[in-house]
Amino acid sequence: MSISEPLQPIRKKIRLDSPFTDQKPGTSGLRKSTKQFSEPNYLESFIEAILRTLPGVNQGVLVIGGDGRYGNKQAIDVILRMAAAHGLRHAITTTGGILSTPAASNLIRYRKAIGGIILSASHNPGGENGDFGVKVNGANGGPAPESFTEQVYSCTKILEDYAIVDSSSISLDLPGQYSIGSMTIEVLDGIEDYISLMERLFDFDLIRSALKKGFPIVFDAMHAVTGGYATRLFEDCLGAPKGTVLNGLPLEDFGGGHPDPNLTYAKELADLLLNTDSYCFGAACDGDGDRNMILGQGCFVNPSDSLAILTANAKIVPAYSKGLVGVARSMPTSSAVDIVAKDLKIDCFETPTGWKFFGNLLDSDRITLCGEESFGTGSNHVREKDGLWAVLFWLQILAQKQCTVADLMSQHWSKYGRHYYSRHDYEDIPIDVAHDLYGRLELMLPKLVGQEFAGQTVKTTDNFSYVDPIDGSIASNQGLRIILDDGSRVVVRLSGTGTKGATLRIYLERYEHSNGNLRQHSQKALEPLIIGIDALAEITQRTGLERPTVIT
Ligand code: G16
């Protein structure tokens with residue numbers, strides 16, 4: 001079916017006063033409350049700035065999709081009509097407008113699009129009272145670099161109008177071909193291509209036979225974007241029983257939940273694995289499908305350890321059987337992977353927080369795998385972190401080694417030692433309180449060197465900055481680090497992705513050698529650091545919070 005109407009772009013005046021003045025130019029898009037996005041001209045203004053800034057718009061191909069949250073379909077309708085008004089040749093979107101972030105990255109790459117617009121506020125809650133977001137990915141399939149988002153931001157400050165075509169909405173119910181004026185639109189099944197990619201990377205036969213032999217798994221889609229993907233992958237392709245995927249129906253408000261796969265927000269899954277013996281393996285992904293949490297029976301895998309374990313066992317996976325060229329982790333991620341990289345004699349890079357910093361390293365073939373402590377793991381197969389890819393990677397290793405998650409972790413620690421690790425988040429604290437706390441601690445840093453902290457001596461302190469080894473760009477003010485004599489460290493950062501107040505993140509790490517005590521509870525092992533940073537930065541006193549909002 002085709003909607004043939006004369007293309008009459010109309011220019012609509014923008015009446016909002018500087019709508020994006022509080023946008024953080026460092027993020028690869030815009031994340032705000034749904035209410036804010038519903039204001040007249042708000043979404044349109046931001047899309048206009050993107051379409052004026054993105055290279056290749058005239059006659060280009062654009063991928064558009066989202067995580068299914070409230071506002072997803074309406075936003076796709078607006079973006080398609082604006083894309084037509086800006087002279088795009090072809091737009092690709094998906095049935096129901098559902099497209100996970102890694103699947104979008106894949107589509108952009110293999111359809112040679114100029115980029116993609118992904119409608120998601122990631123792991124933030126959705127619905128009318130939740131959050132909405134617009135992310136922009138470039139032609140390499142990865143999050144747009146800071147230089148691009150800064151240009152978009154500058155453009156939003158001078159916008160006076162936006163261009164849109166007045167046409168009726170196209171249906172996203174079934175795959176099909178449409179057109180608006182001279183722009184063609186393809187609505188495709190957003191799941192198929194992604195599954196084909198996974199089939200090329202992993203040995204599905206091996207995983208299928210391991211599951212068949214009696215290795216019960218469970219996956220929590222958290223009523224978010226991965227529901228359809230996971231059902232097709234685990235239940236249809238890999239033969240796991242029906243019901244393996246929990247909360248598999250994508251809902252506009254994620255069923256009222258917070259689609260962030262951690263022990264607090266994926267509690268239903270955590271209870272199944274940690275407090276019952278029903279399953280050998282459990283996993284969850286976030287709102288847009290790029291994050292993952294891995295659990296074994298009675299055991300939680302912290303994401304820093306997960307990256308180290310995938311690196312150490314990568315040759316098991318067909319796609320990485322020839323070995324890895326290098327790995328990278330974000331600065332606050334524990335150095336568990338560094339030790340493995342050293343053992344494998346491959347490079348290990350330390351980048352600032354945010355997936356976009358891996359882009360140049362991946363594009364220039366300096367790394368194969370990368371990850372962040374915030375439940376993000378990925379490889380050079382796309383340019384985003386990829387939740388279901390990480391789950392398949394784990395299943396492939398377990399199928400090959402025929403062991404449990406807990407056994408694999410123990411074997412890993414007894415070879416490499418254990419990096420006790422935890423992140424404490426203090427959410428929704430007043431912005432001025434957070435900035436005062438951070439600023440005060442930063443001023444104190446130089447004086448701490450040589451002083452006692454948490455029973456050790458402070459070796460170095462700094463505010464992390466990064467020089468990109470490929471293009472020389474500099475990212476400074478990326479987090480305060482206190483590094484102790486025994487290699488333990490505390491990192492303090494302010495989140496760049498929250499939408500309510502400020503979020504203070506405290507990252508704690510302590511290394512225990514392979515012949516040390518590897519069986520402690522993390523919070524116990526990290527206690528001196530936890531007490532030390534609370535006293536030093538006056539966290540409880542200044543925030544009024546007795547304990548962190550989320551501990552992972
Ligand atoms: C948080 C995490 C980062 C992650 C970012 C975006 O940022 O700490 O590691 O890269 O979210 O994640 P997503 O793409 O899943 O939204 P911040 O600044 O809040 O710490």
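Start at 1 with the first residue, then count along the sequence. Numbering of ligands and ligand atoms starts at 1, following listing order. All figures in this text were calculated on a predicted structure; none of them were measured in a lab.
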Looking only at N/O atoms, are T497 and ligand 1 under 3.5 Å apart anywhere?
-> yes
Per atom 11 (O) of ligand 1, closest listed option by heavy atom (R291, R31, R505) | R291
Ligand 1 to D288 polar contact by distance, N or O atoms, under 3.5 Å | no
Any K385 heavy atom less than 4.0 Å from ligand 1 | yes
Atom indices of ligand 1, in the order listed, that fall short of 4.0 Å to a heavy atom of H123 | 15 (O), 16 (O)
Output the list of atoms in ligand 1 that are nearer than 4.0 Å to some heavy atom of D290, sorted by atom number.
-> 14 (O), 15 (O)
Is the distance between the ring centroids of Y416 and H412 under 6.0 Å?
-> yes
Report the C-alpha distance between H419 and Y511 in whole Å, list the side-chain angles of each, state the deciding distance to 0.1 Å, and finish with yes or no for ring pair (Phe, Tyr, Trp, His ring centres under 6.0 Å).
-> CA-CA 4 Å; H419 289 79; Y511 180 61; 4.5 Å; yes
R493-ligand 1 polar pair, N/O distance under 3.5 Å = yes
For the rings on F357 and F349, is their centre-to-centre separation under 6.0 Å?
-> no
Flag for W394-S306: side-chain donor and acceptor within less than 3.5 Å = yes
Got the closest protein heavy atom to atom 18 (O) of ligand 1, with its distance?
-> G496 N, 2.6 Å
Compute whether any side-chain donor of one residue and acceptor of the other, for N292 and K385, lie under 3.5 angstrom apart.
-> no
So is there a nitrogen or oxygen of L494 less than 3.5 Å from a nitrogen or oxygen in ligand 1?
-> no
Electrostatic pair R383-D363, nearest N-O below 4.0 angstrom | yes
Distance-only side-chain donor-acceptor flag, S422 / Q523, under 3.5 Å = yes
Protein heavy atom at shortest distance from atom 13 (P) of ligand 1 = S122 OG, 3.2 Å
Answer yes or no for G354: is there a heavy-atom contact with ligand 1 below 4.0 Å?
-> yes
What is the nearest protein non-hydrogen atom to atom 10 (O) of ligand 1, stated with its residue, atom name and distance?
-> E372 OE1, 2.7 Å
Any ion pair linking E372 and R329 (charged N to carboxylate O, less than 4.0 Å)?
-> no
Ligand 1 and S495, any nitrogen or oxygen pair closer than 3.5 angstrom?
-> yes
Which residue owns the protein heavy atom closest to atom 8 (O) of ligand 1, what's the atom, and how far is it?
-> R423 NH1, 3.6 Å
Nearest protein heavy atom with distance in Å, relative to atom 9 (O) of ligand 1 = S374 OG, 2.6 Å
Any salt bridge between D131 and R69, counting N to O under 4.0 Å?
-> no
Salt bridge K500-E427, side-chain N to carboxylate O under 4.0 Å = no
Would you kindly specify which portion of T101 sits under 4.0 Å from ligand 1, judged on non-hydrogen atoms: side chain, backbone, both or neither?
-> neither
T353 heavy atoms, cut-off 4.0 Å: which ligand 1 atoms fall inside?
-> 3 (C), 8 (O), 9 (O)
To the nearest 0.5 angstrom, please state how far the NE2 atom of H123 sits from the CZ atom of F375.
-> 11.0 Å
